[in-house]
Amino acid sequence: MTDTHANMRKLHELQEEFLDTCRKGHDADDHGHTAFVRLSELADEIAGIHEEEAAEFRRLAGIALDCGMFPQRGDR
């Protein structure tokens with residue numbers, strides 16, 4: 001199980017850093033090389049969080065489907 005609140009906070013922080021890097025990256029003396037490397041790292045971290053959350057939603061969807069298709073006898 002994931003900690004969705006922590007993931008969402010981390011996602012927000014990463015997105016803010018991503019945008020900040022985009023804004024400041026063109027000012028670098030290395031033609032933006034460092035910024036592009038950091039953007040790649042950030043994008044990978046962001047994608048990882050989305051993948052983790054998607055897996056959790058798929059797990060919950062499976063549980064919900066199982067409960068819907070195979071209700072407990074006492075629930076009727």
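Predicted model only: the values in this text are computed from it and were never measured.
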Supply the atom-to-atom distance L19 CG to K24 NZ, rounded to the nearest 0.5 angstrom.
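Between atom CG of L19 and atom NZ of K24 there are 12.0 Å.
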Which residues, ordered by chain and number, are linked to L14 in its hydrophobic cluster, where ILVMFWY side chains connect at heavy-atom gaps below 4.5 Å, directly or through other members?
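M8, L11, F18, F36, L39, L42, I46, I49, all in the cluster of L14.
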Hydrophobic cluster (4.5 angstrom, side-chain heavy atoms) - remaining members for V37:
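In the cluster with V37 there is nothing else; it is isolated.
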Quick one: which residue pairs count as a side chain to side chain donor-acceptor pair (under 3.5 Å) with a foot in residues 9-19, not counting sequence neighbours?
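Sorted pair list: E17-R38.
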Decide whether T4 and E53 meet the rule of one side-chain donor and one side-chain acceptor closer than 3.5 Å.
->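 Short answer, yes.
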